[in-house]
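In the text below, chain A, chain B and the rest are named by the order of the sequence lines, each starting its count at 1.
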Amino acid sequence: MTAIAFGTWRKPSVIPGFGLTFGFLMVYLSLIVLIPIALLILRTTQLSWAEYWAIASNGRVVAALRLSFGAALIAAGINTLFGIIVAWVLVRYEFPGRRLVDAIVDLPFALPTAVAGIALTAIFAKNGWVGQYIEPLGIKVAYTSIGVVIALTFIGLPFVVRTLQPVIMEIERETEEAAATLGASRHQAIFRVVLPTLVPALLTGFVLALARGIGEYGSVVFIAGNLPYRTEIAPLLIVIRLTEFDYNGATAIATIMLAISFVMFLAINLIQVWARRRFGYV
Amino acid sequence: MSEQTLAASATMPPETWRAPTAEVSVVRLVLIGVAVLFIGVFLGFPLLVVFFEAFLNGVAKYFETFADSDTQHAILLTLLVAAIAVPANLIFGVAAAWAIAKYDFRGKALLITLIDLPFSVSPVIAGLIYVIMFGAQGYLGDWLKAHHIQIIFAIPGIVLATIFVTFPFVARELIPLMEEQGTQDEEAAISLGASGWQTFRRVTLPNVKWGLMYGVLLCNARAMGEFGAVAVVSGHIRGLTNTMPLHIEILYNDYQWVAAFAVASLLALLALVTLIVKTLLEWRFSDELANGPR
Amino acid sequence: MRRLVSGLILSTVLAVSAQAQTALLNVSYDPTRELYKDFNAEFIKHWKEKSGETISIKQSHGGSGGQARSVIDGLDADVVTLALESDIDAIAEKSGKIAKDWRKRLPNNSSPYTSTIVFLVKKGNPKNVKDWDDLVKPGIEVITPNPKTSGGARWNYLSAWAYAEHKFNGDKAKAKEFVGALFRNVPVLDTGARGSTTTFVQRGIGDVLLAWENEAFLALKEFGPEKFEIIVPSIATLAEPPVAVVDQNVDKKGTRKVAEAYLEYLYSPVGQKIAAKNFYRPFKPELADAADVKLLPKVTLVSIDDPIFGGWAKAQPEHFGDGGTFDQIYKK
C-alpha cells in the first residue's frame, strides 16, 4: 500500500494516516512557505550577478545588515548572560513571586511587537519615563543604536530562558553531588560541571534569539531613528526599497536575510546533533 | 535540645552548613535579585507603561476609544483573521505532528527545519513574498486581475501573512510531545480494531490536548499581534483592512496618544490572559506539556 | 463554545462585508488625515442630495511614495490624492492604471490646494532659527521625514536646495554641500511626514521641524500655540499636491461618476473652504473664508517648474533617484 509505494525511505508502520497527514503537510507547507519563498528567490534571478552584487555591497545595505546583525548579536549576548541567571533562579530557587516571573518571561512572545515598540519609546524618549533622567547624563537610548539593542533584547528574552529551563531541570543533582564529594568547590562544580552541559542549550537559545532579532521590524522602527547608515535596520530598508518601487533592491536584501536565517537554523540543528552525541540530550 | 542534634551541630554548625549542591545564601539572593530586576526592567516596566498611558486621562476616556467605529472594525478584523489563521495552523500542526512523530522516514530533520523557517524569517519578508506572488505586478497579478480576485490589500492577504508568521507554533509544540510519547498506544489501539481517526481522537488527542492548547494560545496571541508582515500587505484602509496593531500606529500618528495606548492595552491584556492560562495549564498538567524550546 | 466561535466569525464576516453600498477609496498621503475627514463628511451629504445615493468613503494614509507603491501593487483606490506629481506619474507609468494626461483633467494642474514648507520650533525660538542658514549650524537638530519615502520631505529637501542655489548663485556643488550639512543635523528620519511631526512634538526630539505648512498649523492647533511657533523661511517651494481618478479601478468598480464628482467637489466653494480651514492654500482663495486665508503667511515660493528644478520629470531622478543627490549626500 502506501508504505510500499513510498519505497524504502520510510519504515513501515501499522498506524494509518501517513499518506493523508504527510500529503496535507507537504501541500500546506508548499503553498504557504516554500512556493512563495522560492518565487522570491526566483525573482532575484532576473538580476545578473553583477547587479545582485552591486545591491548587496551597496554601503547603505551593508550598514543596515551590519546594524541588524550587530544589534541582534549584542542583544542575544545580553539575553544569554541574564538568561542563564533567570533560568537558574527559576528552576533552582523558591522565592515569592517566582511563578509570576516565570509567566512573564513569555510576554515578548505574546505582546504585539508594535505595542512593545511604542511602550519602549515612551520609556526612553527624551521626555519619557526613563529618558528624561538619563538624557541629561548624556545617555541617549531612543533613536540610537542602543535603542535597537534594547528592543531586540526585549524581543529575544524568552528564547535563552526557555531553552535552558528544561535542561537545568534535567541536570541530575547527583552529578553535582559527585563533584562536591570529589572535593570540588561549589565554584568549580558550577564552572567545570554544570555550565559545560548547558553549552548546547545556551547556543541554541542564543541562535534563536539572534535569528529573531535580525528579522525584527515592528518594535524597532518606533525606537530606532531610521537614519540611513546609522540606525536603519535591514527589514526597514526592505520596506523603503519597496516604497521606492525598487523591487530588485527589496528582493535582493530579502534573499540575503533569508540565507542568513537558513544558516542560523542549520547551525541550531548541527548544535543539537553535536549535543546529542556529546551529552545525550537535545 | 536533644543530644543528637547537639552532636550534629557540633560537627556541622547550622549557621555555616549548606548542601554541597546549593550556593551560599548571599549568592542566591544576588542571583534572584538580578533575575527579578532584569525581568522587571525589560518586561514588567513596558507592560506597566502601556496600561498607565492608556488610563492617563481617566477611565471614561479609555472606554471612549472603543466607541469609535474604525477601532471596533479593527478589533473585529483582528478577531476574524485570528479565527481563520489559528484553526488553519491548528489543523496543519496536528497533521504535521502526526506525520513526523508517528512515523520514521528520511529527511525528517530537514522537514522540521522547513517548518521552523517562518519563525526566523523577518515578518517584512513574509509580507514581501505575498506581494511578489499576488501583487498587481507579481507572478499571479494578471490572472487574479482577470478573475477579479483581490488578495493583497484585502482580508485574504492579511490572513495569509498571519498564517505565515504563526505557521510553526502548534506544530513546534506538538512534535516533541508526540515523539516523546512514542507509538505503542496507537499501535495497540489499531491492533484492537480502532480506525485511524478513532485512534487519534481517543488515544492521541487526550495525551496531547494540553500541549495542543498551549500551542494554540501562543499562536493566537501572535496572530492577533502581528505587525510587520501585515503592514506590508494591508494597504492601511481605515475601517476595512486595518488590524489592531496597525490601528495602534494610525492612532499614534493621529495625535490620539491615549487611544493608541488604549488599543495597545487591549492587546497587552490579551497577552496577559494568554500567559495566565498558560501558567495554569503548566501548573496543572506539567507532565503532559513539552518543555522543548520555542 | 463551538457555537460561540462560529457566531463570532459569522458576525465578523457580516460586519466586514456590510459595505454593500458604493464605497470610494481615497488613497492619500500623511498630513491630509484631518482634511479628508472633514471633506468626506461634506461630500457624502452633497452626493446624497444630488443623486439620492448613500455612499461611504474609506481613507488610507501613509508616506506618499509608499501609497503610490500600494496602488501600483493593486490597492483598489478610486482616487489618489498624493503629495507629489511624480508619485501619480509613477502609478501612470508603472501600472497604466491612470491615463498619462491626468494632470490636464482638472484645473491648476490637478492641484485643488497648494501648500509650502515652514519651520516649526519650540515657543520662544530658543535656538533663534530664522532661515535656512541656521539649520546647517552645528548643534542644531533638524527633523524631517525621509525624502525617499515621503512627499513632504521632498518638498523640504527641494526648498533647502532652492535657497542654497539662490545663495550660491546657482553653484550646484555648493548647494549639495549645503543640503548635505543640513541632513547631517537630522537625528531621526521617519518614513512619513506625520511620523516626523510626532517625533518632534510628542517625543521632544530636535530643535526644528521641517513641515508642511498645514501640518505645522495643525500641530499648533492640537498642542497649543503656547508650546510651539512657526518660522517662515525666506524661500520655500510651492508644493502642489495633485489628485487623480484611478481610471482602471473606477471603470472596474463602476464608480467613475462619483469619483470624478468627488475630486471636482474639492474645487467647489465647500471644498476650498474646508481646505483653507485645514490650513491648505486654496486654489481659489476668494471662495474660502478670508480669515483662514489671511492666516497663511506670505513666502517667496519657488515652483517645481522653476529652472532650478526643471519640473518633476527632471528633478525626481536628479535628486531622489538611485544615486541622485540625496544618495550622494548620505554616502560618506
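- For residues 70-79 of chain C, a heavy-atom distance under 4.5 Å to chain A picks out Ile72(C), Asp73(C), given by residue number.
- One finds the OH atom of Tyr143(A) at 7.0 Å from the CG atom of Asp190(C) (value rounded to the nearest 0.5 Å).
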Under 3.5 Å, which donor-acceptor pairs link side chains of residues 35-44 of chain A to any protein atom two or more places apart or in another chain?
{"residue": "Thr44(A)", "atom": "OG1", "partner": "Ile41(A)", "partner atom": "O", "Å": "2.5"}

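- Residues Pro228(A) and Tyr330(C) are in side-chain contact: their nearest non-hydrogen atoms beyond the backbone lie under 4.5 Å apart.
- At a 4.5 Å heavy-atom cutoff, the contact between Ala122(A) and chain C is made by backbone and side-chain atoms alike.
- Here Asp246(A) contributes atom CG and Asp322(C) contributes atom CG; the two are 6.0 Å apart, rounded to the nearest 0.5 Å.
- Within residues 85-99 of chain C, the residues having any heavy atom under 4.5 Å from a heavy atom of chain A are, by residue number, Ala90(C), Lys94(C).
- Annotation: side chain of Leu227(A) is in contact with side chain of Val186(C) (closest heavy-atom distance under 4.5 Å).
- For residues 194-202 of chain C, heavy-atom neighbours of chain A at less than 4.5 Å comprise Thr199(C), Gln202(C), sorted by residue number.
- When each of Gly66(C), Gly321(C), Gly62(C) is scored by its heavy-atom pairs under 4.5 Å with chain A, the top score falls to Gly66(C).
- For Phe222(A), no part sits under 4.5 Å from any heavy atom of chain C, backbone or side chain.
- Taking a cutoff of 4.0 Å between a charged side-chain nitrogen and a carboxylate oxygen, Glu141(C) and Lys140(A) qualify as a salt bridge.
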